[in-house]
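Each remark here refers to the structure printed beneath this line.
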Amino acid sequence: HAKANGRSDFQFFIEAMRDEVAERVTIEHELKIALEKEQFVLHYQPQIEPGARRVVGLEALVRWQHPTRGLVFPGDFIALAEETRLIVPLGKWVLEEACRQLKYWHQAGYADLHMSVNLSPAQFHDQSLPALVRQVLAKFDLPAGQLHLEITESMAMSDPEENIIMMQALADIGVKLALDDFGTGYSSLAYLKLFPIDIIKIDRSFVKDIETDENDAAICEMTMLLAQKLGKQVVAEGVETEAQLEFVSRIGCQWIQGYLFSKPLAAAVAGNFIQGFAG
Ligand code: C2E
Ligand code: MG
Ligand code: MG
Ligand code: MG
């Protein structure tokens, strides 16, 4: 026990905190080095239109090839990158790399593909974002409409009046905007009408139990109806089973992303997937 060897619980608390701070400082330092040494890599998850048997696009998802810890997933470093604002240069790298890869696939004969790129709050609130997007599109000579930028619903709703201005600036470039993790962020229907977004991504948490949970099923059906009325495309995230595919297809969802078709893949493997899928 803490008191037994003359140390208070508070001292233990302080030490635990110190360890945590040290750990954070280490990761923060490592993140900086990772950027310089280009230890990040993008994996690509296909988005499928099953009815047409085609890959419509891919979502770029960042991973960190850590020299000792192996492949680290975004859940373990994006939040810290966001807090330290390292996400801004990292996000710039992601945008460039994803567009470079998209151009490569366009030139390989898949000119209809789009690329979806996630934006973090710090990136989205950076006033130079529209200029960066224009610059990257020009660098790779890509049609703006084939770049899809994903912002989470909760981020969009955090200051909707202000965010509409940035969304509009991006929409004016011609890129498409997707509302990610939809259903988790308490959208007001009024804002959904005002947001210049083209795509709604139904969060995986609603798809998971769609066959057994009536509430989840109802939320998905309502989202589909609303999206259809508002003229927006819907992507169902996290489709893992044939039964889930059947359900989301039946309610009218045409674009599917999930392990049923493919996990996120390294670029070369994703290329093979695209080639093998059609037909
Ligand atoms: P997200 O944007 O909602 O991306 C979808 C996540 O769900 C990905 O996890 C993907 O691997 C996972 N997923 C897709 N289909 C399935 C499925 O059928 N079953 C299950 N269990 N999972 C599925 P990942 O790659 O770990 O990314 C997690 C989150 O990290 C992303 O969620 C996104 O918010 C963030 N993230 C990833 N890459 C970036 C990036 O380049 N920039 C920023 N700002 N955030 C990123
Ligand atoms: Mg996303
Ligand atoms: Mg998502
Ligand atoms: Mg999600």
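Numbering of ligands and ligand atoms starts at 1, following listing order.
- Nearest to the Mg ion (ligand 3), among the N, O or S atoms that Glu237 has, is OE2.
- Near Ser120, meaning under 4.0 Å from any of its heavy atoms, are these atoms of ligand 1: 44 (N).
- Ligand 1 is never approached by Gly75 to a heavy-atom distance shorter than 4.0 Å.
- The N, O or S atom of Glu150 with the smallest distance to the Mg ion (ligand 2) is OE1.
- Within the 3.5 Å criterion, the main-chain N or O of Met155 finds a donor-acceptor partner in the side chain of Asn163.
- Taking the charged nitrogens against the carboxylate oxygens, Lys263 and Glu240 have no contact shorter than 4.0 Å, which rules out a salt bridge.
- In this structure a side-chain-to-backbone donor-acceptor pair under 3.5 Å is missing from Glu237 to Gly258.
- Neither side chain, Gln275 nor Tyr110, offers a donor N or O lying under 3.5 Å from an acceptor on the other.
- Of the options Pro121, Pro74, Ala81, Ala236, the smallest heavy-atom separation from atom 24 (P) of ligand 1 is shown by Pro74.
- For Val94, every heavy-atom contact with ligand 1 shorter than 4.0 Å involves the side chain, none the backbone.
- Residue Asp181 approaches ligand 1 through these ligand atoms, each under 4.0 Å from one of its heavy atoms: 3 (O).
- The nearest non-hydrogen atom to atom 33 (C) of ligand 1, considering only Val207, Asn118, Ile256, comes from Asn118.
- Closest approach between the Mg ion (ligand 2) and any N/O/S atom of Glu59 involves OE2.
- Put simply, part of Glu59 is less than 4.0 Å from ligand 1, judged by heavy atoms.
- Counting heavy atoms from C-beta outward, Ile202 and Val234 have side chains that approach closer than 4.5 Å.
- Taking 2.8 Å as the criterion, Asp181 counts as a coordinating residue of the Mg ion (ligand 3), since one of its N, O or S atoms falls below it.
- Side chains of Glu28 and Thr84: no donor on one and acceptor on the other come within 3.5 Å.
- Between Glu59 and Lys201 there is a salt bridge, since at least one side-chain N of the basic residue sits less than 4.0 Å from a carboxylate O of the acidic one.
- In this pair, Phe261 and Phe277 present their aromatic rings perpendicular. The plane angle is above 60°, beyond the 30 to 60° band.
- The atom name of the N/O/S atom in Asp180 closest to the Mg ion (ligand 2) is OD2.
- Contact detail for Glu96 and Val136: the closest heavy-atom pair is CG-CG2, 3.9 Å.
- Looking at Leu260 against ligand 1, nothing comes within 4.0 Å, counting heavy atoms.
- Listed by number with element, the atoms of ligand 1 under 4.0 angstrom from any heavy atom of Gln45 are 14 (C), 15 (N).
- There is a side-chain donor-acceptor pair under 3.5 Å between His106 and Gln146.
- A heavy-atom separation below 4.0 Å is not found between Lys201 and ligand 1.
- Using a 4.0 Å cut-off to heavy atoms of Glu237, the atoms of ligand 1 that qualify are 3 (O).
- Side-chain atoms of His114 and Gln47 form a donor-acceptor pair, as typed in the model, at a separation below 3.5 Å.
- Checking Gln257 against Gln45 by side-chain atom types alone, a donor-acceptor pair falls below 3.5 Å.
- Each of the atoms 15 (N), 18 (O) of ligand 1 lies under 4.0 Å from some heavy atom of Gly258.
- For a distance bound of 2.8 Å, the N, O or S atoms of Thr152 include none lying that close to the Mg ion (ligand 2).
- Near Gly238, meaning under 4.0 Å from any of its heavy atoms, are these atoms of ligand 1: 15 (N), 16 (C), 17 (C), 18 (O).
- Every atom of ligand 1 with a heavy atom of Glu240 under 4.0 Å away is listed here by number and element: 17 (C), 18 (O), 19 (N), 20 (C), 21 (N).
- The aromatic rings of Phe40 and Trp64 sit tilted, their planes meeting at an angle between 30° and 60°.
- Taking every non-hydrogen atom of Pro264 and a distance limit under 4.0 Å, the qualifying atoms of ligand 1 come out as 11 (O).
- The shell of residues lying under 4.0 angstrom from ligand 1, judged by heavy atoms, includes Arg63.
- Within the 3.5 Å criterion, the main-chain N or O of Asp141 finds a donor-acceptor partner in the side chain of Lys103.
- Residue Val62 has at least one nitrogen or oxygen atom sitting less than 3.5 Å from a nitrogen or oxygen atom of ligand 1, judged on distance alone.
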